[in-house]
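Please read these numbers as outputs of a predicted model, since none were measured by experiment. For reference, positions follow the sequence shown, starting with 1.
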Amino acid sequence: MRDPLSVLTEAFTSFLFGKVETTRLPVRTSTGQAQAVYLPTAAPGLGDSGVIIGREVYSGKGYIYDPFQLYGQQLPAPHWLVLGESGNGKSALEKTYVLRQLRFRDRQVVVLDAQGEDGVGEWNLIAEELGITPIRLDPAAALDHGIRLNPLDPAITTTGQLALLRTIIEVAMGHGLDERSGFALKVAHAYVNETIVERQPVLTDIVERLRHPEPESAEAMNVAIDDVRAWGLDVALVLDRLVDGDLRGMFDGPTTVGIDLDAPLIVFDLSHIDRNSIAMPILMAIVGVWLEHTWIRPDRKKRIFLVEEAWHIINSPFVAQLFQRLLKFGRRLGLSFVAVVHHLSDVVDGAAAREAAAILKMASTRTIYAQKADEARATGRVLGLPRWAVEIIPTLTPGIAVWDVNGNVQVVKHLITETERPLVFTDRAMTESSADLGDDALRAAELEAEERAAAFMEQHIGDSSESTVA
């Protein structure tokens, strides 16, 4: 029996404050059943204006990204870094992103296409679909009416021409020009620009003047003419490779007439160039400066400059410095630079570590596809990714990536429409990615990846303060 005093006390308390709460027995259930008790939650998105990328894996929400819409609000810079092992979807993402951006009338894209199959670059199919002829730089075809880009094109300022010549020489030599060699180059360039007015000056003119300097250039510095000739000898030998060596024909003549810089898509096909040779960074430097002075204009267009195999830029101190200037300059004129790299270690441990760090710092958007665990940890340290993102990167399957947009970190599945699919999955993509799977097998792999990722999040992130899932 209950104590009469307790019964009286409970009755009096109920009269004053209402019925007291009863004790309930605990309920045992599974997370699958209990999830209905809680409201669904997800990380905040990036807004609803821009280009659709796909959907956020854990919430299923559409994922929309556009650096031009986000710039100044959520993004301090419009530049973008894409990382990941081959065959995980980088190429498909790049191509669909460009196709979707081109649906806006004020967009224009330049692609440096460094990969290819069957004698053409992998962007060739998209270019054909849009009625665009790629600018194919090929040493073998250059002598037979091939494409030429002139580093001394009058469209490039005199200062820009000299900076480009220095960069070409420094890349080829592997070190900076000393003061004497720099002086010899400067006076040769000045003389050529002053005396050749009836046509475009070309590299042959510079080489000739370096070999046979004018007496006035020696008198101006009160030195012997033989000294000026000796100072310019190494410079002349380097430039001679572009004139009469293995790279001849591409840069030793006037710029090819008919290159349409107003086309919505401009593709430089570099697939015929040996990617491991010194030619590639030299090409990157020439194309970069040429575009800076002929393509980027204050006309309120939004421009995208997409570079595949971008480690050729970031891994060379001299080319990286040139592109740093391009990125800083282009930001004022609406340029978004997209660099595609397989491994971050290719650049952060290279000869241009300082320049690479500066370019990476400018990239406020980072997209990371699957990497091996050790590479993912290194990437996480350099980019400052949260621990949960680093741990999940090795488990990602093709088409799914970690997106870090100025600290807003989400896992996103890239979606491709049936219209885009035949343009995106070229023969190379079929051999390097999971695109050759049947639709059922591909969907099964995607579902398995999403389930594995969700289980990982539930196990490792539920109580972590680093998680972006609120």
Can you see which heavy atom on [X] is nearest to which on [Y], and at what distance?
{"X": "Ala172", "Y": "Ile282", "answer": "CB-CD1, 4.1 Å"}
{"X": "Pro264", "Y": "Leu102", "answer": "O-CD2, 3.4 Å"}
{"X": "Ala263", "Y": "Gln108", "answer": "O-NE2, 2.7 Å"}
{"X": "Pro213", "Y": "Ile225", "answer": "O-CD1, 3.5 Å"}
{"X": "Val424", "Y": "Lys95", "answer": "O-NZ, 3.5 Å"}
{"X": "Ser91", "Y": "Glu122", "answer": "OG-OE1, 3.2 Å"}

Original post:
Do side-chain atoms of Gln161 reach the backbone of Asp153 as a donor and acceptor pair under 3.5 angstrom?
Top reply: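 Answer holds: yes.
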
Original post:
Short question: side chain of Asn406, backbone of Gln74 - any donor-acceptor pair under 3.5 Å?
Top reply: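 Answer holds: yes.
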
Contacts table for residues 177-186: side-chain donor-acceptor under 3.5 angstrom, sequence neighbours left out:
residue : atom : partner : partner atom : Å
Asp178  : OD1  : Arg180  : N            : 3.2
Asp178  : OD1  : Ser181  : N            : 2.7
Asp178  : OD1  : Ser181  : OG           : 3.1
Ser181  : OG   : Trp231  : O            : 3.1

Measuring from [X]:[atom1] to [Y]:[atom2], what's the distance to the nearest 0.5 Å?
{"X": "Arg148", "Y": "Thr256", "atom1": "CZ", "atom2": "OG1", "value": "7.0 Å"}
{"X": "Asp252", "Y": "Ile206", "atom1": "CG", "atom2": "CD1", "value": "13.0 Å"}
{"X": "Leu112", "Y": "Ser271", "atom1": "CG", "atom2": "OG", "value": "12.0 Å"}
{"X": "Asp205", "Y": "Leu210", "atom1": "CG", "atom2": "CG", "value": "11.0 Å"}
{"X": "Glu85", "Y": "Ile393", "atom1": "CD", "atom2": "CD1", "value": "11.5 Å"}
{"X": "Arg297", "Y": "Arg303", "atom1": "CZ", "atom2": "CZ", "value": "5.5 Å"}

Would you indicate whether the side-chain heavy atoms of [Y] and [X] approach each other to under 4.5 Å?
{"X": "Glu420", "Y": "Arg100", "answer": "yes"}
{"X": "Thr133", "Y": "Asp260", "answer": "no"}
{"X": "Ser336", "Y": "Phe68", "answer": "yes"}
{"X": "Val390", "Y": "Arg381", "answer": "no"}
{"X": "Ile359", "Y": "His79", "answer": "no"}
{"X": "Val411", "Y": "Trp388", "answer": "yes"}
{"X": "Asp269", "Y": "Ile147", "answer": "no"}
{"X": "Val202", "Y": "Ile196", "answer": "no"}

Subject >> All salt bridge (charged side-chain N to carboxylate O under 4.0 Å, His left out) counterparts of Glu94, not counting sequence neighbours >> reply: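 Salt bridge (charged side-chain N to carboxylate O under 4.0 Å, His left out) check on Glu94 returns nothing, list empty.
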
Original post:
Which residues pass the side-chain contact (heavy atoms from CB on, under 4.5 Å) test with Tyr65, sequence neighbours left out?
Top reply: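 Result, side-chain contact (heavy atoms from CB on, under 4.5 Å) vs Tyr65: Leu46, Ile53, Tyr63, Pro67, Leu70, Leu75, Trp80, Tyr97, Thr365, Trp403, Val405.
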
Is it true that [X] and [Y] have a side-chain N and a carboxylate O under 4.0 angstrom from each other?
{"X": "Lys90", "Y": "Glu308", "answer": "no"}
{"X": "Lys301", "Y": "Asp262", "answer": "no"}
{"X": "Arg107", "Y": "Asp66", "answer": "yes"}

**OP:** Only one of Arg366, Gln371, His343 passes side-chain contact (heavy atoms from CB on, under 4.5 Å) with Thr379; say which it is.
**Re:**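 Exactly one option meets the side-chain contact (heavy atoms from CB on, under 4.5 Å) with Thr379, and it is Gln371.
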
With a sphere of 6.0 Å drawn around [atom1] of [X], does it hold more than 12 non-hydrogen atoms of other residues, nucleotides or ligands?
{"X": "Arg199", "atom1": "CZ", "value": "yes"}
{"X": "Gln200", "atom1": "CD", "value": "yes"}
{"X": "Ile52", "atom1": "CD1", "value": "no"}

